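Beneath this line is the structure, given in structure tokens, with notes to follow.
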Amino acid sequence: MSHFFIYSKVVSPSVDSVLFAAKQLGLKAELRPGSAVASYARTSLGNYLIDCYCESWQDIKKINSKLNSLNGVVSTSYFENIVHSVLTLDKNNNPIEIKKGDLHA
């Protein structure tokens with residue numbers, strides 16, 4: 001699986017169905033763990049975060065559209081034509097910046 005992911009903000013009653021639907025889309029989907037013992041991360045509005053990993057993000061627009069159409073999904077972290085670079089960590093946990101166009105072959 002890719003170490004890049006998108007997340008979905010999901011209302012509590014829909015978590016199980018969104019996890020199931022994401023797996024049906026071929027994604028590895030998991031609730032993001034929280035910092036407290038035996039808890040899950042939540043947004044300031046109380047929504048859960050589901051991290052979705054994929055072998056290839058070639059169809060990210062289609063995947064994002066399907067995730068956003070699921071009942072209970074508030075939003076995702078895919079921002080087409082808005083974000084031009086991201087900060088992440090490489091395999092050695094060193095910070096790196098990926099700019100728009102860097103991942104195109």
Side-chain angles (χ1 to χ4, degrees):
M1 285 288 156
S2 169
H3 63 278
F4 297 107
F5 66 93
I6 62 174
Y7 68 80
S8 296
K9 294 179 187 175
V10 180
V11 296
S12 181
S14 298
V15 167
D16 290 336
S17 63
V18 171
L19 285 169
F20 179 79
K23 290 175 184 172
Q24 294 298 106
L25 291 171
L27 304 173
K28 177 185 174 193
E30 52 193 38
L31 275 171
R32 185 179 297 176
S35 57
V37 176
S39 69
Y40 294 106
R42 289 182 178 247
T43 67
S44 58
L45 296 177
N47 299 314
Y48 285 96
L49 299 174
I50 296 178
D51 294 330
C52 298
Y53 300 85
C54 190
E55 287 292 335
S56 168
W57 290 109
Q58 291 299 107
D59 293 324
I60 192 168
K61 290 180 189 179
K62 183 174 151 185
I63 292 169
N64 185 64
S65 177
K66 288 185 178 185
L67 286 172
N68 270 321
S69 72
L70 297 172
N71 288 333
V73 172
V74 176
S75 66
T76 71
S77 61
Y78 178 63
F79 304 105
E80 184 177 8
N81 295 320
I82 296 174
V83 176
H84 298 283
S85 71
V86 294
L87 298 175
T88 188
L89 300 175
D90 67 13
K91 292 178 184 177
N92 298 317
N93 286 328
N94 297 312
I96 58 171
E97 180 182 19
I98 301 172
K99 295 180 183 178
K100 185 175 182 176
D102 284 353
L103 299 178
H104 295 330

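Given the structure is predicted, the values throughout are model-derived calculations rather than measurements.
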Mind checking what makes side chain to side chain contact (heavy atoms under 4.5 Å, CB included) contact with N94, not counting sequence neighbours? D90, N92

Looking at V74, I50, V73, which one forms a side-chain contact (heavy atoms from CB on, under 4.5 Å) with K9? V74

Please tabulate, for the side chains in residues 12-25, all donor-acceptor contacts under 3.5 angstrom to protein atoms that are two or more places apart in sequence or on a different chain.
| residue | atom | partner | partner atom | Å |
| --- | --- | --- | --- | --- |
| S14 | OG | N71 | O | 3.4 |
| S17 | OG | S14 | O | 3.0 |

Below 3.5 Å, can you tabulate the donor-acceptor pairs from side chains in residues 58-70 to any protein atom, sequence neighbours excluded?
| residue | atom | partner | partner atom | Å |
| --- | --- | --- | --- | --- |
| K61 | NZ | E80 | OE2 | 3.0 |
| N64 | OD1 | T76 | OG1 | 2.4 |
| S69 | OG | K66 | O | 2.8 |

To check you understand the geometry: which heavy-atom pair defines the closest contact between C52 and F5, and what is its length? O-CB, 3.1 Å

Name the orientation class of the two ring planes belonging to Y40 and Y48 (parallel below 30°, tilted from 30 to 60°, perpendicular beyond 60°). perpendicular

In chain order, what residues pass the side chain to side chain donor-acceptor pair (under 3.5 Å) check against S39, with sequence neighbours excluded? none

Of all pairs that satisfy salt bridge (Lys or Arg N to Asp or Glu O under 4.0 Å), the ones with a partner from residues 31-47, not counting sequence neighbours: R32-D51

Among residues at least two apart in sequence or on other chains, which ones pass side chain to side chain contact (heavy atoms under 4.5 Å, CB included) with L45? T43, N47

How many angstroms lie between CG in L89 and CD1 in I96, if you round to the nearest 0.5 Å? 8.0 Å

